[in-house]
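Some notes on the structure that comes next.
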Number of protein chains: 2
Amino acid sequence: MSTDSELLEVWCAGSEWCPITTTATLIGKKWHPVVIHRLLENGPLGFNALKEDVDGISAKVQSDVLEDLEEHGFVDRTIVSEKPFRVEYSLTDRGRSLEPVIVAMRDWGKEHLTAPDDQ
Amino acid sequence: MSTDSELLEVWCAGSEWCPITTTATLIGKKWHPVVIHRLLENGPLGFNALKEDVDGISAKVQSDVLEDLEEHGFVDRTIVSEKPFRVEYSLTDRGRSLEPVIVAMRDWGKEHLTAPDDQ
DNA sequence: CTGTATCCACAACGATACTG
DNA sequence: CAGTATCGTTGTGGATACAG
């Protein structure tokens, strides 16, 4: 615990390679964690199946998010068939490695659930 | 574990009160988690002391972030003295309750640390 | 010391319509 | 089914200067 703190000083103070900044820059957005979470639970999923799971997201935003996640190596996009055209989104190993973060966010949210209006 | 998954279905599918959305909407931003993390480790802190800890943040952005965190009940702002004017920022109980999330983000970042340019 | 005032740039999001 | 095109709004961040 105290060893932990000392290490953090090294990384966080006086360096831009702060581990939290790294994580926050990559997935510190409104929809990224939700998409990852649904893929953790139910993946692989097609575009529309995912969209039904990620309640409230628009097709455009989901498209943007998936593109970004793929770009950073969290998500794989696989073309399953050409006719009819079907794709599947799944997490890479790197994507799955985020599970502890997503779980922690989920657990906190469970305990402090608020209506969207309160946020 | 499987009980967990069933519960998640209830909250995540077909409802906007998804626990992950709740968490992501509140702290799913670039600097919020870092500020919370520094206050967890070193708080309470004055404005400039905090700014030195949160490497790379500008005064304006830190001001914005603190205002937002205070508004949502994560941070307390206390005026310590008028002359010289000094304030202290500290986490509320609600703020401290985010520790598991922040720790998970930190641990992931430690393992996948990348230069800011790579992000 | 603790901020705010400006101004700017770009990212994120949202709604609607439309396409192969 | 799996998206994109378009447009507009808001959010987030960054730089610089200035102020009580």
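Lettering follows sequence order; numbering is per chain, from 1.
Nucleotides of DNA chain D nearest to Ile57(B) and Asn48(A) differ in position, and the one nearer the 5' end is that of Asn48(A). Residue whose closest nucleotide on DNA chain C sits further toward the 5' end, between Ser58(A) and Phe85(A): Ser58(A).
Listed nucleotides: dC13(C), dT2(C), dA2(D). Nearest to the side chain of Arg86(B): dT2(C). Relative to the side chain of Val87(A), the nucleotides dT12(D), dG3(C), dA2(D) differ in distance, and dA2(D) lies closest. Considering only side-chain atoms of Phe47(A), the nucleotide from dA2(D), dG3(C), dG13(D) that sits closest is dA2(D). Closest to the side chain of Ala59(A), from the set dG13(D), dA12(C), dG3(D), is dG3(D).
Nucleotide dA5(C) holds its C1' atom 14 Å from the CD atom of Glu67(B), rounded to whole Å. Residue Lys60(A) contributes atom NZ, which lies 11 Å from atom C1' of dT9(D) at whole-angstrom precision. Nucleotide dA12(C) holds its C1' atom 8 Å from the CG atom of Asp64(A), rounded to whole Å. The nearest whole Å value for the distance from the CG atom in Asp53(A) to the P atom in dA2(D) is 13 Å. The NE2-P distance, from His32(A) to dA11(C), rounds to 12 Å in whole Å. The separation between Ile79(B) atom CD1 and dC1(C) atom P is 17 Å, rounded to whole Å. The distance from atom CG of Leu50(B) to atom C1' of dG3(C) is 13 Å, rounded to the nearest whole Å. The nearest whole Å value for the distance from the CH2 atom in Trp31(A) to the C1' atom in dT10(D) is 16 Å.
Applying the 4.0 Å criterion to OP1 and OP2 of dC1(C), one finds that Tyr89(B) has every side-chain N and O outside that range. Remark: Ser63(A) is in phosphate contact with dT4(D), judged by side-chain N or O atoms under 4.0 Å from OP1 or OP2.
Remark: side-chain polar atoms of His37(A) are not paired, donor with acceptor, to backbone N or O of Pro33(A) under 3.5 angstrom. Between the side chain of Ser63(A) and the backbone N or O of Ala59(A) there is no donor-acceptor pair closer than 3.5 Å. Although no hydrogens or angles enter the test, the distance criterion places a donor-acceptor pair under 3.5 Å between the side chain of Arg96(B) and the main chain of Leu91(B).
In this structure, Phe74(A) and His72(A) have tilted ring planes: the angle between them lies in the 30° to 60° band.
Among the atoms of the strands shown, only primed sugar atoms or phosphate atoms (P, OP1, OP2) are found under 4.0 Å from some heavy atom of Lys30(A).
Not a single donor-acceptor pair, N or O on each side, falls under 3.5 Å between the base of dG13(D) and the side chain of Lys29(B).
In this structure the side chain of Leu66(A) reaches within 4.5 angstrom of the side chain of Leu50(A), judged on heavy atoms.
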